[in-house]
Amino acid sequence: MLKDYYVLDREIHAKITEFDLAQTFECGQCFRWNKIYDNGYLGISSGKVLEIEQKQDRFVFRGTDRATFEGYWIDYLDLKRDYGKIIEKISTEMHMIRATEYGNGIRILLQDEWEALVSFIISSNNNIKRIKKIVEGLCKLYGKPADYKNNMLFAFPDPKDIYGAGCEDLGDIKCGYRAGYIIDAVEKVHLEEVDVYSIRNMKYEEGIKELMRIKGVGPKVADCVLLYGGAKYESYPVDVWVKRVTEALYLKKDSKPADIKDLARNMWGDLAGFAQQYLFYYARENKLETGVDK
DNA sequence: ACCCAGGTCATCA
DNA sequence: TGATGACCTGGG
């Protein structure tokens, strides 16, 4: 966790344990952080740009100031949470011990709810590379530009920025049949038929029901939005990878999503979301095949 | 050509 | 409720 930090020459220097940029930004939870040099990432969230450089447990934050760092990025990067303690709590057997050792620097980001909603609508039946491309296209089309050291970044557009557009207007971003889902989300959120900005104050089940009123939002997408944008850490999104790895390690093949979620709830309780992230990263990075633990 | 990718929808029993 | 196909798009 965040130990101490100081501001020097418009840079913030900090010592943070249990934090790795590559693991955190490439574990599949977010789509808008890019590596710009070795151990350096550049991203934008809620219209705020941030560059982060890492050397072991030392970090340098650039492009921000003390007030924004304290008022926004500490929460976004979840720097106050003791991940050592979480790892200790969920590592009750050897598989999770291995997974948490492998991804011991993962942190679950507190993303903007609306951005998480649209991003994970786009994620359905899709691959991460193309998801990133489509999200970026949407931002370039409707988001506010912000330049940073010769990099042109675009904020994720608000519902009002996209409202009025039709599916045909999204043609250039190549999101296929998901265009209709995005437009439905824009309309329902903009017209306040769905209150995505209140999911952090709702109970888990309530949040699921609220989100699933949008077309293209099923159980998996709703789980992701609640975990990554709603801070609902009991959420256990079950996608092909998590299904595969959970079955291989703890269950049998062809289990039902409900059974997989029950197991997660029983084993990890309100920390299931963290467990899910370690398992997902572990399985995907090691390309674990069905039933085979390499 | 076929299958897959951080699934969901419509349809049918 | 639960099972079955179809589905934009791009890469292997």
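Within every chain, numbering begins at 1; the chains are lettered A, B, ... in the order of the sequence lines, protein sequences first and strands thereafter. Predicted model, so just to flag it, every value in this text is computed and none were measured.
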Quick one: closest heavy-atom pair of [X] and [Y], and the distance?
{"X": "Ser45(A)", "Y": "Tyr76(A)", "answer": "OG-CE1, 3.2 Å"}
{"X": "Ile106(A)", "Y": "Gln277(A)", "answer": "CG2-CG, 3.8 Å"}
{"X": "Ala14(A)", "Y": "Leu2(A)", "answer": "CB-CD1, 3.8 Å"}
{"X": "Ser119(A)", "Y": "Val135(A)", "answer": "OG-CG2, 4.1 Å"}
{"X": "Ala222(A)", "Y": "Met212(A)", "answer": "CB-CG, 4.0 Å"}
{"X": "Arg32(A)", "Y": "Glu136(A)", "answer": "NH2-OE2, 2.9 Å"}

Which is true for [X] with a 4.0 Å heavy-atom rule: it touches a base, it touches only sugar-phosphate, or it touches nothing?
{"X": "Val217(A)", "answer": "sugar-phosphate"}
{"X": "Gly218(A)", "answer": "sugar-phosphate"}
{"X": "Lys215(A)", "answer": "sugar-phosphate"}
{"X": "Cys27(A)", "answer": "base"}

**Prompt:** Are the side chain of Glu11(A) and the backbone N or O of Phe61(A) linked by a donor-acceptor pair below 3.5 Å?
**Reply:**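 Checked: no pair found.
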**Message:** For Lys252(A), is there any backbone N or O sitting under 3.5 Å from a side-chain donor or acceptor partner on Ser255(A)?
**Reply:**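 Yes, the answer is positive, given that a donor and an acceptor are paired below the 3.5 Å cut-off.
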**Message:** Could you tell me how far dA3(C) sits from dA5(B) if I compare only their C1' atoms? Round to whole Å.
**Reply:**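 It works out to 22 Å between them.
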**Message:** Using atom P in both nucleotides, what's the gap between dG6(B) and dG5(C) to the nearest angstrom?
**Reply:**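 The same atom, P, in both gives a distance of 23 Å.
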**Message:** Taking atom NZ as the centre, does Lys133(A) end up with more than 12 heavy-atom neighbours from other residues, nucleotides or ligands that are less than 6.0 angstrom away?
**Reply:**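 No, because the 6.0 Å sphere around NZ of Lys133(A) holds 12 heavy atoms or fewer from other groups.
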**Request:** State whether the number of non-hydrogen atoms from other residues, nucleotides or ligands found under 6.0 Å of Asp4(A) atom CG is greater than 12.
**Result:**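 More than 12 heavy atoms, drawn from other residues, nucleotides or ligands, come within 6.0 Å of this atom.
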**Test log, rule side-chain hydrogen bond (donor to acceptor under 3.5 Å, both in side chains), inputs Tyr83(A) and Asp78(A)** = CA-CA 9 Å; Tyr83(A) 277 74; Asp78(A) 206 20; 2.5 Å; yes
I want to check a possible cation-pi pair here: [X] against [Y], using under 6.0 Å from ring centre and within 45° of the ring axis as the test.
{"X": "Lys48(A)", "Y": "Tyr72(A)", "answer": "yes"}
{"X": "Arg81(A)", "Y": "Tyr233(A)", "answer": "yes"}
{"X": "Arg265(A)", "Y": "Tyr204(A)", "answer": "yes"}

**Prompt:** Want to settle it: does Pro237(A) or Gly216(A) sit nearer the 5' end of DNA chain B, counting the closest nucleotide to each?
**Reply:**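 Nearest nucleotide further toward 5': that of Pro237(A).
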**Message:** What range of DNA chain B does chain A touch, first nucleotide to last, counting atoms under 4.0 Å from its heavy atoms?
**Reply:**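 Result: dA5(B) to dC9(B).
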**Prompt:** Quick one, which residues of residues 123-133 of chain A touch DNA chain B with a heavy atom under 4.0 Å?
**Reply:**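 Here the set is Ser123(A), Ser124(A), Asn125(A), Asn126(A), Asn127(A), Ile128(A).
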**Prompt:** Among residues 189-197 of chain A, which contact DNA chain B at a heavy-atom distance under 4.0 Å?
**Reply:**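 Of all residues in residues 189-197 of chain A, none places a heavy atom under 4.0 Å from DNA chain B.
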**Prompt:** Could you give the start and end, 5' to 3', of the contact zone on DNA chain C for chain A, using atoms under 4.0 Å from its heavy atoms?
**Reply:**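 Contact boundaries, 5' end first: dC7(C) to dG10(C).
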**Item:** Under the 3.5 Å Watson-Crick or G-U criterion, the dot-bracket string of DNA chain C, with | for inter-strand pairs
**Value:** |||||||.||||
**Message:** Does this structure show an ion pair linking Asp184(A) with Lys188(A), if we count only N-O contacts that are shorter than 4.0 Å?
**Reply:**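 A salt bridge is present here (some side-chain N lies under 4.0 Å from a carboxylate O).
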**Asked** Which residues within residues 260-281 of chain A lie with some heavy atom under 4.0 Å of an atom in DNA chain C?
**Response**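 Those residues whose heavy atoms fall under 4.0 Å from DNA chain C, taken from residues 260-281 of chain A, amount to none.
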**Partner of Glu26(A) by side chain to side chain donor-acceptor pair (under 3.5 Å), out of Trp33(A), Tyr281(A), Tyr41(A)** =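 That would be Tyr41(A).
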**Chi angles and distances behind the side-chain contact (heavy atoms from CB on, under 4.5 Å) call for Ile97(A), Glu101(A)** = CA-CA 6 Å; Ile97(A) 289 172; Glu101(A) 277 174 1; 3.8 Å; yes
**Prompt:** Going by atom types only, do Tyr163(A) and Glu187(A) share a side-chain donor-acceptor pair under 3.5 Å?
**Reply:**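 Their side chains do not contain a donor-acceptor pair, so the 3.5 Å distance test is not met.
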